[in-house]
Amino acid sequence: GAVVSQHPSRVICKSGTSVKIECRSLDFQATTMFWYRQFPKKSLMLMATSNEGSKATYEQGVEKDKFLINHASLTLSTLTVTSAHPEDSSFYICSARDLRENGYTFGSGTRLTVV
Amino acid sequence: LAKTTQPISMDSYEGQEVNITCSHNNIATNDYITWYQQFPSQGPRFIIQGYKTKVTNEVASLFIPADRKSSTLSLPRVSLSDTAVYYCLVGDTYGGATNKLIFGTGTLLAVQP
């Protein structure tokens with residue numbers, strides 16, 4: 001089945017620095033990818049829709065200047081958390097749709113800890 | 001986007017059949033119903049998808065009544081490894097559609113020995 005690879009799986013960074021998370025569709029092309037954030041014992045919250053070759057669409061309340069999304073190719077979307085703060089510590093998950101299959105495929109997630 | 005409502009948690013024992021029901025009163029004509037499973041610190045994993053009546057695959061069955069305002073995920077003979085959060089989602093996600101999915105609260109299934 002379809003595979004979405006997310007990297008890194010975990011990262012620790014200092015407050016004020018930026019962190020980039022990559023999401024790759026390994027065996028299919030994805031013009032659209034999605035980024036979610038999940039806090040402990042909570043559900044996934046959609047942050048933004050990443051569109052290949054165009055600007056991302058952010059959900060209400062998500063700061064687009066803080067969470068930079070780039071979808072430069074049909075197999076890669078990146079999420080950059082800029083000027084990270086401890087409250088940005090969370091589990092970030094991406095997903096994409098392989099049109100040959102039902103449902104969406106999710107990456108394994110990135111655990112971000114800001115200290 | 002149709003909102004879904006599920007029980008927050010359920011308990012079961014190994015070997016039992018578990019049925020998790022989800023209500024989605026505002027489901028749209030083009031919406032499909034999809035269930036995902038999530039283990040701690042992992043991304044959700046697709047379980048099953050359906051539009052109406054019954055769908056069965058190697059891991060689960062999905063029952064959808066004629067009005068499509070609810071659906072039931074059935075897990076036969078659960079084991080300890082089925083302990084996870086199960087999410088019911090509705091959306092236009094079939095064929096060429098790549099619409100966003102909004103997650104509800106999910107159901108935490110705890111399977112005991």
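In what follows, chains are A, B, ... by sequence order, proteins preceding strands, each numbered from 1. Everything numeric in this text was worked out from a predicted model, so none of it was measured.
- With a 4.5 Å cut-off on non-hydrogen atoms, B:Y32 does not touch chain A at all.
- At a 4.5 Å heavy-atom cutoff, A:K41 makes no contact with chain B through either its backbone or its side chain.
- Contact annotation for A:Y104: both backbone and side-chain heavy atoms come within less than 4.5 Å of a heavy atom of chain B.
- When atom types are taken as modelled, the side chain of B:T107 and the backbone of B:L109 share no donor-acceptor pair closer than 3.5 angstrom.
- Taking the six-membered ring for Trp and thresholds of 30 and 60 degrees, B:F103 and B:Y36 have ring planes inclined between 30 and 60 degrees apart.
- For the set A:G109, A:S95, A:S108, the count of heavy-atom pairs under 4.5 angstrom toward chain B peaks at A:S108.
- Between the CG atom in A:L76 and the SG atom in A:C23 there is a gap of 8.0 Å [rounded to 0.5 Å].
- With a threshold of 4.5 angstrom between heavy atoms, A:E101 does not approach chain B through any atom at all.
- A donor and an acceptor atom, one from each side chain of B:H24 and B:S71, are located under 3.5 Å apart.
- By the side chain to side chain donor-acceptor pair (under 3.5 Å) test, A:T110 pairs with A:Q6, sequence neighbours left out.
- By a heavy-atom distance cut of under 4.5 Å, B:Q38, B:S41, B:Q42, B:G43, B:P44, B:F46, B:Q49 are the residues of residues 38-62 of chain B near chain A, going up by number.
- Salt bridge status for B:K69 with B:D67: absent, with no side-chain N to carboxylate O gap under 4.0 Å.
- By the 4.0 Å N-to-carboxylate-O rule, B:D31 lies too far from B:R68 to be salt-bridged with it.
- Of the two parts of A:L46, only the side chain, counted from C-beta on, holds a non-hydrogen atom closer than 4.5 Å to a non-hydrogen atom of chain B.
- Counting heavy-atom pairs closer than 4.5 Å to chain B, the top-ranked of the candidates A:E59, A:K42, A:R10 is A:E59.
- Between A:S50 and A:S77, the side chains place a donor N or O and an acceptor N or O closer than 3.5 Å (distance only, hydrogens not considered).
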Requested in this report: Evaluate side-chain hydrogen bond (donor to acceptor under 3.5 Å, both in side chains) for A:S18 paired with A:T80, printing each intermediate quantity in order.
Outcome: CA-CA 7 Å; A:S18 296; A:T80 301; over 6 Å; no
